[in-house]
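Structure first, then comments.
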Amino acid sequence: MNDTRPIGVFDSGIGGLSVLKELVSLMPKENYIFVADQLNVPYGEKTKKELQKITLAICNFFVSQNTKLIVIACNTATCYALDYLRSKINIPIVGTVPAIKPAAQKSKSGVMGVLSTPATSKSLYLKNLIKLHASNIKVVNIGCFNLENTVEKGDLNSPKVKKLLNKYIRPIKKSGADVIVLGCTHYPFLKNQIQNITGISTIDSGKAIAEHTKKTLQRMSASNKSGGEIHFYTTGKARFFSKVASLLLKKTISAQKLILKI
């Protein structure tokens, strides 16, 4: 049987498109609703209470759209709101966390870097991930103020982006790290620039999230083999989101405006 209900995917902005891209690649016949909460970007500079309030409003929108599963395509929202949302919403929720475990397994030098938002870098969630999966690894944990915002504008190759990347990557290069975890879903769009600057391999959570989502749907007997529609919403400016999303996904995207009930 086909379960044609959509999968809800959300982020503070366009970063979550890196996760959506992996989901669609693995499960092209699923239907998706993507929400970019650009009115409240960046999540990395919000308080825990603010994040819980905002993300609950997005999840309530997904409930109204009869989604069968929700993917939080945002490390910061997962770190600060996942447990809260699961206590409030009666739909399976898949979170996004930095790929600490696979990075620790991949490292041969015993040193790895983590690039994330300021909020994620300071979170207890990330601290516990490192303690659990990388206790024998030196972790250079960098919170990248303002990097999320530059990606949000589709500003991937400007001197400003290069200046920010050089600033945040410098201590990782000096440390002797041989792998960098991209702990924000905006950062995979900077993967080429990061590797050009450092020569160090990067790892993000996109594929692992897609695989986990697929297994969850299979356990629920809720897979779809006859869909393939994607509806895009933004709480910000629909025309601007559509322009940047089209650039990043390399196809024409048309988004609708969403007003959240918070």
Side-chain angles (χ1 to χ4, degrees), residues 6-28 30-44 46 51-52 54-63 65 67-86 89 91-99 115-117 119-120 123 125-126 129 147-149 151-152 154 181-191 202-217 230-236 241 244-245 248-249 253 255 258 260:
I7 297 168
V9 184
F10 78 90
D11 181 32
S12 59
I14 58 95
L17 294 174
S18 67
V19 175
L20 179 68
K21 193 175 176 182
E22 298 292 352
L23 288 164
V24 173
S25 176
L26 187 64
M27 298 174 289
E30 293 291 347
N31 297 315
Y32 299 90
I33 298 174
F34 182 88
V35 171
D37 186 19
Q38 294 182 300
L39 184 66
N40 295 300
V41 72
Y43 278 4
K46 293 277 188 293
L51 284 171
Q52 289 178 343
I54 292 164
T55 56
L56 180 59
I58 296 171
C59 288
N60 283 332
F61 167 70
F62 285 140
V63 171
Q65 299 300 302
T67 57
K68 59 187 175 185
L69 181 144
I70 296 171
V71 177
I72 306 176
C74 174
N75 290 272
T76 301
T78 299
C79 289
Y80 289 96
L82 177 60
D83 292 338
Y84 172 79
L85 294 173
R86 283 177 172 165
I89 301 294
I91 297 173
I93 302 176
V94 173
T96 298
V97 295
L115 297 174
S116 65
T117 66
T120 297
S123 70
Y125 205 112
L126 178 58
L129 276 177
L147 190 57
E148 183 182 358
N149 281 339
V151 179
E152 191 64 28
V181 176
L182 304 181
C184 171
T185 56
H186 283 69
Y187 299 172
F189 291 113
L190 297 171
K191 186 179 289 188
T202 62
I203 187 167
D204 63 81
S205 306
K207 286 184 180 178
I209 296 161
E211 288 166 1
H212 181 56
T213 301
K214 184 175 182 178
K215 288 175 184 175
T216 303
L217 290 175
I230 309 175
H231 295 281
F232 294 90
Y233 293 87
T234 178
T235 58
F241 172 83
V244 177
L248 295 177
L249 294 181
I253 301 299
L258 174 64
L260 290 176

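What you see below is based on every heavy atom in this structure, not just the backbone, and it leaves out hydrogens, waters and symmetry mates.
Residue Phe62 holds its CZ atom at 9.5 Å from CD1 of Ile91, rounded to the nearest 0.5 Å. Atom CG of Leu51 sits about 10.5 Å away from atom OG1 of Thr78, to the nearest 0.5 Å. Rounded to the nearest 0.5 angstrom, Leu115 CG and Leu147 CG are separated by 7.5 Å. Taken from SG in Cys184 to CG in Asp11, the straight-line distance is 7.0 Å, to the nearest 0.5 Å. The OG atom of Ser12 lies 10.5 Å from the CG atom of Asn75; values are rounded to the nearest 0.5 Å.
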Can you list the steps and then say if Phe61 with Phe10 is a ring pair (Phe, Tyr, Trp, His ring centres under 6.0 Å)? CA-CA 11 Å; Phe61 167 70; Phe10 78 90; over 10 Å; no
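Nearest heavy atoms, Gly8 versus Thr67: N-CG2, 3.9 Å. The minimum heavy-atom distance between Thr234 and Ala255, with the atom names listed, is CG2-CB, 4.4 Å. For Ala73 against Thr96, the heavy-atom pair with the smallest separation is CA-OG1, 3.6 Å. Between Ser116 and Leu126, the closest heavy-atom pair is OG-CD2, 4.5 Å. The two atoms that bring Glu148 and Gly44 nearest to each other are OE1-N, 3.8 Å, heavy atoms only. Counting all heavy atoms, side chain and backbone alike, Val181 lies closest to Pro98 at CG1-CB, 4.0 Å.
Listed by chain and residue number, Leu69, Val71, Ile209, His212, Thr213, Thr216 satisfy the side chain to side chain contact (heavy atoms under 4.5 Å, CB included) test with Val94 (two or more places apart in sequence, or in another chain). Every residue two or more places apart in sequence or in another chain that forms a side chain to side chain contact (heavy atoms under 4.5 Å, CB included) with Val151 is listed here: Ile14, Leu156, His186, Phe189, Leu190. Residues that satisfy the side-chain hydrogen bond (donor to acceptor under 3.5 Å, both in side chains) test with Asp83, not counting sequence neighbours, are absent from this structure. Every residue meeting the side chain to side chain contact (heavy atoms under 4.5 Å, CB included) condition with Asp37, not counting sequence neighbours, appears here in chain and number order: Leu39, Asn40, Tyr43, Ile54, Ile58, Thr235, Leu260. The side-chain hydrogen bond (donor to acceptor under 3.5 Å, both in side chains) test applied to Lys214 returns no partner, not counting sequence neighbours.
Within the 4.5 Å cutoff, the side chain of Thr76 has no heavy atoms near those of the Lys46 side chain. Annotation: side chain of Leu17 is not in contact with side chain of Val9 (no heavy-atom distance under 4.5 Å). For the pair Leu56/Ile89, a side-chain contact is recorded, criterion being any heavy-atom separation below 4.5 Å from C-beta on.
A parallel orientation is assigned to the rings of Phe241 and Phe34, their planes being inclined by less than 30° (bins at 30° and 60°).
Remark: Lys191 NZ is packed, more than 12 non-hydrogen atoms of other residues, nucleotides or ligands lying under 6.0 Å away.
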Using residues 18-27 as the side-chain source, report each donor-acceptor pair under 3.5 Å to any protein atom, sequence neighbours left out, with the distance given to one decimal.
from, atom 1, to, atom 2, distance (Å)
Ser18, OG, Gly15, O, 2.8
Ser18, OG, Thr185, O, 2.7

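Under the 3.5 Å distance criterion, the side-chain polar atoms of Asp204 are left unmatched by any main-chain donor or acceptor of Leu182. Put simply, the side chain of Ser205 gets close to the backbone of Val97: a donor and an acceptor are under 3.5 Å apart. Within the 3.5 Å criterion, the main-chain N or O of Thr55 finds no donor-acceptor partner in the side chain of Tyr84.
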